[in-house]
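When a ligand or atom number is given, it counts from 1 through the structure's own listing order.
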Amino acid sequence: MSKRIFLPILLVVLFLLLFFALTNSEVLYSQIEGDAKETLRTSMQTFKDDYSSADIGAEEISSLLGVGVCFLDKEFKVTDVSDERFAPSESDIKKIKISFDGGSSIYVSDSDEKGHSYVNICESTDNKIVKFTVEIFSRTEVYISMIPSLVIYVCIGVLLSLILSLIVTSFVIKHVKELALNAIGNDKHIDAKYVELKPIADVINLKNEHVRNAQKSKDEFISNVTHEMNTPLTSIHGFAELIASGSLPASKTQSAGKTIAAQSERLGAMIKQILNYSAIDDDLLTPYDVDISILTKEVLNNFEPMLKDKNITLLRDIEDGVIVKSRHERITEILDNLVSNAIKYNKQNGKITVTVRNKMLIVDDTGIGISQDELKHIFSRFYTVNKSHGENMGFGLGLPIVKKLCDKSGWKLYVDSTPGEGTTFRIDFSE
Ligand code: ADP
């Protein structure tokens with residue numbers, strides 16, 4: 001991470017250093033040029049005041065005034081020069097002619113082959129043209145002179161960028177670590193110190209809430225399972241102990257055996273339902289086309305004995321060829337739970353209508369019905385309206401299984417009930 005922060009900081013630092021080096025060089029060059037022009041003006045004034053009338057050669061004037069000196073006639077022909085370097089070139093003469101305003105001209109010569117620049121001043125006197133020259137650093141030389149200090153500044157810049165990126169990284173990491181530490185097993189809401197870290201805090205809070213809910217739901221599930229299992233187990237254990245101790249009269253042994261068998265069966269059925277319920281989440285088997293018209297007819301036949309016990313009339317309104325993408329065992333599970341409930345919670349001589357039409361399954365009964373208050377809870381695990389857990393009563397896992405299967409497949413599940421009149425469960429398979 002520090003590497004990612006280091007690079008942009010370094011780039012900005014280098015850009016700023018380069019920018020300041022260039023502007024500094026330019027300012028320095030203008031300063032040098034300005035100073036040279038000032039020196040030339042002063043020297044020219046001294047010459048005009050003190051030496052213009054005297055017959056002194058260019059070389060002598062040059063050593064007196066400390067500038068390069070060249071005398072030219074009015075046709076711009078060199079008549080005397082202190083050093084050949086100060087003789088005007090063709091282009092210089094053109095420059096002098098163009099800028100020779102009021103008999104005076106000040107200009108900068110192009111750099112010579114050695115890269116030197118020259119600042120010149122020309123003045124016309126009575127009989128000649130006087131040209132003074134000062135050699136200055138060329139722009140390139142000024143830029144080159146900046147390189148050693150630039151290298152030092154770049155090194156300092158790299159070092160500073162490195163330190164800065166380490167500070168920034170450790171600062172950011174410190175708060176991210178703080179958040180991460182708070183995230184572990186935290187029941188409280190986490191607040192981010194900085195607005196930039198708020199999205200991370202939000203995700204952690206959401207995750208923590210999910211974990212808490214999952215934990216709560218797991219705890220509830222375990223407590224319900226143990227509670228539900230306790231009743232048949234206590235009954236089995238009690239009767240078994242009585243038989244083992246020999247204190248149970250022989251006349252009651254048969255009924256005790258029947259109770260043990262019934263409670264074991266109930267326990268087995270409950271374990272099967274718990275396993276079924278848990279298995280839905282892990283079920284990754286591929287769905288295929290299921291003809292629910294045929295399957296419903298088959299499943300309903302299995303309920304004949306139960307229906308007879310209560311003398312319930314079963315009406316079938318099944319349209320042929322209703323196909324749903326699912327698996328046989330899933331649809332069977334749904335039908336088993338809905339139809340067995342419709343029988344269990346029906347009245348003697350009641351009626352059940354099972355409809356399969358328009359991609360819908362409807363199980364309607366004329367049973368005891370469910371109150372509006374209870375309706376809100378019937379899909380919760382281990383919820384049973386009648387808490388007596390009588391012999392025929394279930395454990396409250398049938399409808400949660402149906403709901404979970406529907407949710408997993410994206411089907412809509414509706415329930416409508418009137419106490420004393422009956423209940424209708426409807427599954428809409430269309431996605
Ligand atoms: P159970 O195994 O107890 O039947 P379910 O999850 O299938 O568990 O149903 C939960 C509760 O909803 C039942 O205890 C019952 O009171 C109520 N219930 C379910 N189906 C019907 C129905 N068709 N008519 C009346 N009550 C029903």
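- Checking Phe382, Tyr345, Phe379 against atom 13 (C) of ligand 1, the nearest heavy atom belongs to Tyr345.
- For a threshold of 3.5 Å applied to N or O pairs, the pair formed by Phe425 and ligand 1 contains no separation below that value.
- At a threshold of 4.5 Å between non-hydrogen side-chain atoms, the residues Thr353 and Ile362 do not count as touching.
- Residue contact check: Thr384 has heavy atoms under 4.0 Å from atoms 3 (O), 14 (O) of ligand 1.
- Note: no N/O pair closer than 3.5 Å links Gln273 and ligand 1 by distance alone.
- Using the six-membered ring where Trp is involved, Trp411 and Phe429 have ring planes that are perpendicular, over 60° apart on the 30 and 60° scheme.
- The pair Arg330-Glu333 does not count as a salt bridge, with every side-chain nitrogen at least 4.0 angstrom from each carboxylate oxygen.
- Proximity of Asn337 to ligand 1 is not established, as no heavy-atom distance is less than 4.0 Å.
- Figure legend: cation-pi geometry between Lys404 and Tyr277, with NZ or CZ positioned under 6.0 Å from the six-membered ring centre and within 45° of its axis.
- For ligand 1, the atoms lying closer than 4.0 Å to a non-hydrogen atom of Pro400 are 6 (O).
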For Asn120 and Ser109: C-alpha separation, side-chain torsions, deciding distance, then whether side-chain contact (heavy atoms from CB on, under 4.5 Å) applies.
CA-CA 7 Å; Asn120 308 275; Ser109 312; 2.6 Å; yes
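- Comparing Ile378, Asp364, Thr423, Thr424 against atom 12 (O) of ligand 1, the shortest heavy-atom distance belongs to Ile378.
- Considering each of Leu397, Leu375, Ile370, Ile401, the one bringing a non-hydrogen atom nearest atom 18 (N) of ligand 1 is Ile370.
- At a threshold of 4.5 Å between non-hydrogen side-chain atoms, the residues Leu397 and Ile274 count as touching.
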